[in-house]
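Remarks on the structure that follows.
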Amino acid sequence: MLLVPFIKENKDKVVKLLKIKNFHNTDVLNQIIDTDEARKNTQKKLDETLTKSKSIAKEIGGLFKSGKIDEANIKKKETGVLKDLSKTLSEELQSLKDEVTGLLLKIPNIPHHSVAAGNSESDNEIIKTVGEIPKLYSGAKPHWDLTDKYDIIDFELGNKITGAGFPVYKGKGARLQRALINFFLDEATAQGFREVQPPLLVNSDSGYGTGQLPDKDGQMYHVGIDDLYLIPTSEVPITNIYRDTIVNAKDFPIKNTAYSQCFRREAGSYGKDVRGLNRLHQFDKVEIVVIEHPEKSYERLEEMSEYVQSLLKKLELPYRLLRLCGGDTSFTAALTYDMEVYSAAQERWLEVSSVSNFENFQANRLKLRFKDENGKTQLAHTLNGSALALPRIVAAILENNQTPEGIKIPKALIPYTGFDIIN
RNA sequence: GGAGAGGUGGGUGAGUGGCUGAAACCGCAUGUUUGCUAAACAUGUGUACGGGAGACUGUACCGGGGGUUCGAAUCCCCCUCUCUCCGCCA
């Protein structure tokens with residue numbers, strides 16, 4: 001959520017930047033500014049009214065104490081008008097506040113100055129491509145055939161038990177998953193991240209805190225009977241650890257990592273995008289979340305990007321690094337880097353990580369603050385990234401490393417899998 | 001699911017109608033003293049929204065919402081969460 005004073009002071013800039021994010025309804029900004037002005041006026045009137053009421057109440061108290069009951073009763077009559085007035089004003093104030101918040105919730109974060117305009121994926125900027133595209137032998141197959149051939153991931157079984165998008169990992173397939181999770185967690189820990197195990201269901205306050213609500217309501221599984229949401233990413237519970245807190249600036253950067261399963265309804269997805277492991281309703285992910293001083297957040301973003309790339313290098317996967325264009329950058333993010341690995345049999349790039357700086361957009365919703373050098377409280381910056389999402393990594397490992405003899409496990413992973421080939 | 005108890009500032013915890021934005025203790029910050037550390041002492045230490053160049057100041061906030069009252073942390077109602085016991089269960 002953007003800050004009203006910021007909008008007020010930088011209106012032209014905000015309008016311009018929101019256009020990069022494909023947000024053109026800039027009348028809302030004026031509406032916010034006007035409504036907030038009205039809010040201030042109302043608050044002022046309310047404060048004045050309450051001040052009067054309070055002082056009369058004090059007088060009456062004094063009169064009662066000194067036994068001047070008659071005078072007190074006369075004074076009492078004065079309060080009626082003030083009471084009605086303050087009631088009206090406070091109702092008015094509340095509705096103005098709600099209106100401002102409601103409008104603010106509709107406005108996406110403004111992009112970082114390096115973010116280019118653009119409408120879709122195809123406008124994303126490729127910063128670099130790393131690694132060799134593997135040349136596959138003639139009998140090479142896409143991963144959904146390999147998983148059948150080696151009996152390691154069973155999509156049909158998942159269909160039976162739950163539905164599409166909930167595969168069953170079996171034998172070496174399951175072991176490979178576990179190996180990747182442990183590998184990612186160990187790497188993150190070595191990088192100074194604290195490992196946490198968060199809840200997989202969250203309440204709506206948490207959903208609003210990180211911005212999934214109200215924007216992406218339909219994308220989360222909702223447990224109606226208890227009004228809880230299955231997390232679409234552990235970003236939600238991890239970041240919400242710090243909701244309504246004032247952290248100590250000395251603790252920056254605050255680095256947490258978690259493995260969790262993630263649940264996404266993926267309403268509206270279809271075709272080759274959902275084939276095999278490409279897009280699932282339930283998947284595994286190790287997430288990294290950082291809370292940082294506003295002046296250091298972009299430095300930290302680069303560091304996180306480097307870290308994620310180091311994982312891809314260790315897994316010997318060819319990848320490319322993208323800076324997302326305005327239209328493809330999420331509602332809450334100011335700048336996002338995507339990492340895509342090349343899946344050789346599908347002959348396409350698959351997104352396996354998104355690393356984003358949200359600046360103070362989430363922090364404002366979360367009320368996540370810190371005390372700065374001057375003792376003033378201000379909003380912190382939040383960042384997060386996948387490090388990494390498993391299914392597409394698995395898909396790329398299976399496809400890229402297939403040989404007539406079987407699928408070779410990347411060296412870095414062998415200590416975790418306990419085997420070096422799936423055959 | 002049933003019964004009961006309770007939610008007060010960073011923490012523990014006092015506070016049953018006005019002088020309580022809130023005691024006390026702990027923690028934390030700063031200062032003094034002392035080779036360092038520690039200890040002791042002193043002072044300070046909530047958040048939000050307004051006003052003011054600033055010192056400072058107004059209002060709100062004691063789980064959330066509503067009510068009673070001239071006046072509510074304190075009384076009443078609803079909700080919610082936590083804890084204890086019973087039931088169920090990994």
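Each chain gets a letter, A, B and so on, in the order its sequence line appears, and its residues count up from 1.
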- Item | Salt bridge flag under 4.0 Å for residues A:D36 and A:K8 | yes

- Message: Please report the distance separating the C1' of B:G9 from the corresponding atom of B:A48, rounded so that it comes out in whole Å.
- Response: 14 Å

- Query: Who does B:C89 pair with, Watson-Crick or G-U, both distances under 3.5 Å?
  - Reply: none

- Most 5' of A:K371 and A:T51 on RNA chain B, judged by nearest nucleotide: A:K371

- Query: Side chain of A:K76: nearest nucleotide among B:C70, B:G58, B:G50?
  - Reply: B:C70

- Base partner of B:U37, which must satisfy Watson-Crick or wobble distances under 3.5 Å: none

- Inter-nucleotide P distance (B:A14, B:G63), Å rounded: 14 Å

- Protein-nucleotide distance (A:K83, atom NZ; B:A72, atom P), rounded to Å: 9 Å

- Task: Compare the minimum distances between each of B:C49, B:G46, B:A60 and the side chain of A:R39, then state the nucleotide with the smallest one.
- Result: B:C49

- Message: For the aromatic rings, using the six-membered ring if either is Trp, is the centroid distance between A:H112 and A:Y298 under 6.0 Å?
- Response: yes

- Write down the distance between CG (A:N203) and P (B:U82), rounded to a whole number of angstrom. 10 Å

- Item | Separation of atom CD in A:E48 from atom C1' in B:U57, rounded to whole Å | 14 Å

- Message: Under a 3.5 Å cut-off for both contacts, is B:A3 paired Watson-Crick or G-U wobble with anything, and if yes, with which nucleotide?
- Response: B:U84

- Whole-Å distance separating the CG atom of A:D244 from the C1' atom of B:G9: 14 Å

- Message: Nearest whole Å is fine: how far is B:U59 P from A:I56 CD1?
- Response: 13 Å

- Over how many whole Å does the gap from A:N41 atom CG to B:C49 atom C1' extend? 13 Å

- Query: Using atom P of each nucleotide, how far apart are B:C19 and B:A73 to the nearest Å?
  - Reply: 9 Å

- Return the orientation label for the A:F361 and A:F331 ring planes: parallel under 30°, perpendicular over 60°, tilted otherwise. perpendicular

- Message: Are there over 12 heavy-atom neighbours, none belonging to A:Q261, within less than 6.0 Å of that residue's CD?
- Response: yes

- Please determine, for B:A55, whether a Watson-Crick or G-U wobble partner exists with both distances under 3.5 Å, and give it or none. none

- Selection from B:G51, B:U59, B:C70 that lies nearest to any side-chain heavy atom of A:I60: B:C70

- Item | A:I246 side chain, from C-beta outward: closest of B:U47, B:A60, B:C70 | B:U47

- Ion pair A:E303/A:R300, N-O distance below 4.0 Å: yes

- Query: Hey, does A:L50 reach any base, or is it just sugar-phosphate, or nothing, if we go heavy atoms under 4.0 Å?
  - Reply: sugar-phosphate

- How many Å lie between CD1 on A:I69 and P on B:G18, as a whole number? 16 Å

- Message: Pairing check on B:A72: which nucleotide meets the Watson-Crick or G-U wobble criteria with it, both distances under 3.5 Å?
- Response: none

- Task: Rounded off to whole Å, could you give me the CG-to-P distance for the A:L368 and B:A48 pair?
- Result: 13 Å

- Note on the structure: Among the nucleotides B:U59, B:G18, B:U47, whichever has the atom closest to the side chain of A:F64 is B:G18

- Item | Enclosure of A:K170 NZ (heavy-atom neighbours >12, cutoff 6.0 Å) | yes

- Item | Gap in Å between the two P atoms, one belonging to B:G66 and one to B:U74, rounded | 14 Å

- Do A:K54 and A:E59 sit within salt-bridge range, that is, some charged N less than 4.0 Å from a carboxylate O? no

- Query: Taking the C1' atom of each, how far is B:G15 from B:C25, in whole Å?
  - Reply: 15 Å

- Measure from the side-chain heavy atoms of A:R369 and tell me the nearest of B:A60, B:A48, B:C70. B:A48

- Message: On the nucleotide B:U59, are OP1 or OP2 found under 4.0 Å from the side-chain N or O atoms that A:S53 carries?
- Response: no

- Taking atom C1' in both B:G10 and B:G44, compute the distance separating them and give it to the nearest angstrom. 15 Å

- Message: Could you identify the nucleotide paired to B:U45, looking across every strand shown and requiring Watson-Crick or G-U wobble geometry with both distances under 3.5 Å?
- Response: B:G27

- Toward the 5' end of RNA chain B, which comes first, A:K54 or A:K75, by nearest nucleotide? A:K54

- Query: Are A:H293 and A:F370 close enough that their ring centers fall under 6.0 Å?
  - Reply: yes

- Query: Does any nucleotide pair with B:U16 by Watson-Crick or G-U wobble geometry, both distances under 3.5 Å, and what is it?
  - Reply: none

- Message: Is there a side-chain contact between A:K250 and the phosphate of B:A29, meaning an N or O under 4.0 Å from OP1 or OP2?
- Response: yes

- Query: What distance, rounded to whole Å, do you find between the two P atoms, one in B:G7 and one in B:U68?
  - Reply: 25 Å

- Message: If the cut-off is 4.0 Å, is A:K87 near the phosphate of B:G67, judged by side-chain N/O to OP1 or OP2?
- Response: yes

- Can you tell me, in whole Å, how much space there is between the P of B:C79 and that of B:A72? 24 Å

